[in-house]
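Notes to accompany the following structure.
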Amino acid sequence: MLFTSTDLGLRERRLEGDEYILIVDELMEALHARWPKAIIQFEDFQFKWAFGTLQRYRKKYCMFNDDIQGTAGVALAGLLGVVRAQGRPLSDFVNQKIVVVGAGR
C-alpha cells in the first residue's frame, strides 16, 4: 500500500535501525528545545520501537508511549472510578476483585 494512488503520505520506505533512532533523537531534542515543559506523547509509533524508545527517552524528557502506557492509564482510571462509584475510600482498592476479559495483544 506504500505507493497506491490513495496514499497521501511521503512515498518513501520507513527509516529503520540507526537512521530511525537518529531522526527521533533529533525530533525529541527539537521539541524539548522549543517547549521544554511539554509532555511528549508517542502515538502509534511502530510497535517494534515502542519499548526501546520509551526506555531511551523516559529519563531525559517528560514523555509517554500511548501504546504501552496509555492503555494501562485508561484501565487504571476505570478501576479507580469503580471504587469511587461504590462510595468506598481509595484505600479499599486493594480489596477489590478484578476480572479482565478479552485482553488484546
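As a basis for the values below, the full set of heavy atoms in this structure was taken, side chains included, without hydrogen atoms, waters or symmetry mates.
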E26 side chain to L22 backbone, donor-acceptor under 3.5 Å: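 No; judged by distance alone, with no hydrogens or angles, the pair does not exist.
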
Could you tell me which non-hydrogen atom of [X] sits nearest to which non-hydrogen atom of [Y], and how far apart they are?
X	Y	result
P36	A33	CD-O, 4.1 Å
L54	Q69	CD1-OE1, 3.5 Å
Y57	I21	OH-O, 3.9 Å
D92	R88	OD2-CD, 2.8 Å

Residues that, via side-chain heavy atoms closer than 4.5 angstrom, fall in one hydrophobic cluster with I39: F64

Spacing of CG belonging to N65 relative to CH2 belonging to W49, to within rounding of 0.5 Å: 13.5 Å

From CD1 (I23) to CG (L15), nearest 0.5 Å: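 Going from CD1 on I23 over to CG on L15, the span is 6.5 Å.
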
Ring geometry between Y61 and H32 (parallel below 30°, tilted from 30 to 60°, perpendicular above 60°):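 Perpendicular: the ring planes of H32 and Y61 meet at over 60°.
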
Within-4.5 Å side-chain heavy-atom neighbours: M28 and M63: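 The answer is yes, as the side chains (C-beta and beyond) meet within the 4.5 Å cut-off.
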
Pairing residues for E16 by the salt bridge (charged side-chain N to carboxylate O under 4.0 Å, His left out) criterion, not counting sequence neighbours: K48

Counterpart residues, salt bridge (charged side-chain N to carboxylate O under 4.0 Å, His left out), relative to R56 (two or more places apart):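 R56 satisfies salt bridge (charged side-chain N to carboxylate O under 4.0 Å, His left out) with D25 only.
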
Cluster check V74, F42: I/L/V/M/F/W/Y, side chain < 4.5 angstrom: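 In one cluster with V74: F42, no.
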
Crowding at CG, D18 (>12 non-hydrogen neighbours, <6.0 Å):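 Counting neighbours around CG of D18, 12 or fewer heavy atoms of other residues, nucleotides or ligands fall under 6.0 Å, so no.
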
Residues V82, Q86; criterion side chain to side chain contact (heavy atoms under 4.5 Å, CB included); working and verdict: CA-CA 6 Å; V82 167; Q86 293 173 342; 3.7 Å; yes

